[in-house]
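Only one structure is covered here, and it is reproduced in the block below.
By convention here, the first residue in the shown sequence is residue 1.
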Amino acid sequence: MPTRNPVRALVVAFAAWKTFLLAIAVGSCVGVAYDTSASLALDGVGVGNSSTPTLVSRLTSWDAIYFTQIARRGYLFEQEWAFGSGLPIAIFYLGKVLTALGIETGGYLQPLVGILVANASHLLSVLVLYRLGQVVFRDARLALVAASLHIFSPAGLFLSAPYAESSFSLLSFTGHLLFAESCRNGRRPGSRDALILLAGISFGLATLFRSNGILNGVLFAWQFAQQLARPVRHPMAAIRSLLVLGIGGLCVAAGSIGPQLVAYWRFCSSAPEANLRPWCQSYLPSIYTFVQEHYWNVGFLRYWTFPNVPLFLLAAPMLYILTKSGLDQIVSSTVAHSGEATQVAGVLQSAATAQVLLALLAVTNYHVQVITRLSSGSPLWYLWLARRLSSRETSDGGKGVVRFMIMYAAIQGVLFASFLPPA
């Protein structure tokens, strides 16, 4: 890949890969879809099956139906609260802008806007990861490799469909970049604090898109603990640093707590006690936890059934990559030679910890196959893989991972467009 203009190289590679995946999706659109939920949903707003572009309909599958329906008319059914509000809000307001500009969409506004948001977010997240790689590696070539790997993420068509993954990746990568940049502003405490707070806001917005964004709070908890452990030479500066980290952590939590408060107000605050939903009377009322357990059977070891063994096998490669790369970073014996490098290493270690926790939760609590697309929002493993590809001792293994990513994304594109597992 040419490096004289790395941004152009990334955009060209991105466009070529997207064209390839969408061609796979179009080629898979043969005959009547196995599931017609998307067409039926579009029928509900006056768009018949025959007038709906086939590709748009096929990309609006699985969870995308929920996201686009919520964007169209808000949360209507209790089970819909399993889906983060970030993407529906983005689709709703961007749709308003398009409508105000007089752009006609033929009635399938929400799916088209969702597809636009997904692809634009994916491209921007590639560019943000490139910048993050530059900060971490101080090596433009390694940064370019890491960013390129995100283009070929095994999440595949999930990063092109009306799903929250690409928007989550953009906000998560941005949060990590802002925090890493703050490490370079040690002599400018005002700039450093502003970057940390912006990182917290970015992570909080990411959590609005996907609930697992709350794991990014590990970064603030890690840095908070590190600050407490340091000798106190300047008490006011130490208090200020702790305060900024605490506020940043609260911003991350707000992305999860905010929607729960809205749901509590809607379902619990004014309802008669006899009509209260079970979760309203919990010690820590959470509609998200209740809906995931009640409607989607999500819970500790609930997915550990014999029929789900194939899905665990499908998830195994990404679970291994996430765990291996995370543990490698956590136990790394690399010695930093400057305060800035030490702090950047701390950002990577906290990202690694969050990544390992995500893999653990996927095995024990989630529908495990989703880990392949959830992994797209973790920057650490892309950086780890780029470094392995650059080393003669580990490049063969790294190339094997890349081959897996490309093959998996291509096969998954066929399955996704045909409404077949894994999702």
* OG1 of T207 to CG of N212: how many Å apart, nearest 0.5 Å? -> 8.0 Å
* Is it the case that R373 places NZ or CZ above or below the six-membered ring of F158, under 6.0 angstrom from the centre and within 45 degrees of the axis? -> yes
* Structure fact -> dist I115:CD1 -> Y163:OH (nearest 0.5 Å) comes out at 12.0 Å
* To do: Heavy atoms only: give me the nearest A146-L383 pair and the separation to one decimal.
  => CB-CD2, 3.9 Å
* Flag the pair F67 / F83 as yes when their ring centroid distance falls below 6.0 Å, and as no otherwise. => yes
* Asked: Does the side chain of Q355 come under 3.5 Å of the side chain of S325 through a donor N or O and an acceptor N or O?
  -> yes
* For the pair T289 (side chain) and S286 (backbone), establish whether a donor and an acceptor sit closer than 3.5 Å, ignoring hydrogens and angles. => no
* Asked: With no hydrogens and no angle check, do the side chains of Q69 and Y75 hold a donor and an acceptor under 3.5 Å apart?
  -> no
* Asked: Looking at the rings of W81 and Y288, which for Trp means the six-membered one, are their centres under 6.0 Å apart?
  -> no
* To do: Check whether any side-chain N or O of S241 sits under 3.5 Å from a backbone N or O of A237 as a donor-acceptor pair, and report yes or no.
  => no
* To do: Answer yes when R266 and E78 have at least one side-chain N-carboxylate O distance shorter than 4.0 Å, and no when they do not.
  => no
* To do: Report the relative orientation of the aromatic rings in F404 and Y408; use parallel for angles under 30°, tilted for 30 to 60°, perpendicular for over 60°.
  => tilted
* S390 side chain vs R387 backbone, donor-acceptor pair below 3.5 Å -> yes
* Sub-3.5 Å donor-acceptor pair from the side chain of S256 to the main-chain atoms of A253, do we have one? -> no
* **Beyond-backbone contact of Q110 with F92, side-chain heavy atoms, under 4.5 angstrom** => no
* Structure fact -> Taking every heavy atom of A143 against every heavy atom of G133, the minimum-distance pair comes out as CB-C, 3.5 Å
* Asked: Does a sphere of radius 6.0 Å around OH in Y295 hold more than 12 heavy atoms from other residues, nucleotides or ligands, not counting ones at 6.0 Å or beyond?
  -> yes
* Taking the six-membered ring for Trp and the full ring for Phe, Tyr or His, determine whether the centres of F179 and F220 are under 6.0 Å apart. => yes
* **Q260 side chain vs I287 backbone, donor-acceptor pair below 3.5 Å** => yes
* Examine distances only and state if a side-chain atom of S166 and a backbone atom of A118 form a donor-acceptor pair shorter than 3.5 Å. => yes
* To do: Taking atom types as modelled, find out whether Q79 and Y66 have a side-chain donor-acceptor pair closer than 3.5 angstrom.
  => no
* From F203 atom CZ to L208 atom CG, the distance as rounded to the nearest 0.5 Å -> 14.0 Å
* State whether the side chain of H367 and the backbone N or O of W296 hold a donor-acceptor pair below 3.5 Å, judged by distance alone. => yes
* Asked: Judged by modelled atom types alone, do S269 and Y264 share a side-chain donor-acceptor pair under 3.5 Å?
  -> no
* To do: Kindly give the heavy-atom pair with the smallest separation between M405 and L149, and that separation in Å.
  => CE-O, 3.3 Å
* Taking the side chain as every heavy atom from C-beta outward, state whether K324 and W384 have any pair of such atoms under 4.5 Å apart. => yes
* Nearest-0.5 Å distance, OG of residue S148 to CG of residue L385 -> 11.0 Å
* Identify the two heavy atoms, one from S350 and one from V218, that lie closest to each other, and give their separation to 0.1 Å. => O-CG1, 3.8 Å
* For the atom pair SG (C183) and CD1 (I196), what is the distance rounded to the nearest 0.5 Å? -> 7.5 Å
* Asked: Is the H122 to F14 ring centre distance short of 6.0 Å?
  -> yes
* Please confirm whether the backbone N or O of S169 pairs with a side-chain atom of S172, one donor and one acceptor, at under 3.5 Å? => no
* Asked: How long is the gap from CG on L327 to OG1 on T323, to the nearest 0.5 Å?
  -> 6.5 Å
* Structure fact -> side chain to side chain contact (heavy atoms under 4.5 Å, CB included) test vs I151 passes for just one of L159, L10, L123, namely L10
* Is R192 salt-bridged to E181, cutoff N-O under 4.0 Å? -> no
* **pair L311-L314: side-chain heavy atoms closer than 4.5 Å** => yes
* Taking all non-hydrogen atoms of both residues, which atom of A409 and which atom of S153 are closest, and how far apart? -> CB-O, 3.8 Å
* Is the number of heavy atoms from other residues, nucleotides or ligands under 6.0 Å of R8 CZ greater than 12? -> no
* Structure fact -> Contacts of L94 meeting side-chain contact (heavy atoms from CB on, under 4.5 Å) (sequence neighbours excluded), chain-then-number -> V113, V117
* Asked: Under 3.5 Å, side chain of E165 to main-chain N/O of S376, donor-acceptor pair present?
  -> no
* Asked: Distance-only, no hydrogens or angles: does the T394 side chain make a donor-acceptor pair with backbone N or O of R388 under 3.5 Å?
  -> yes
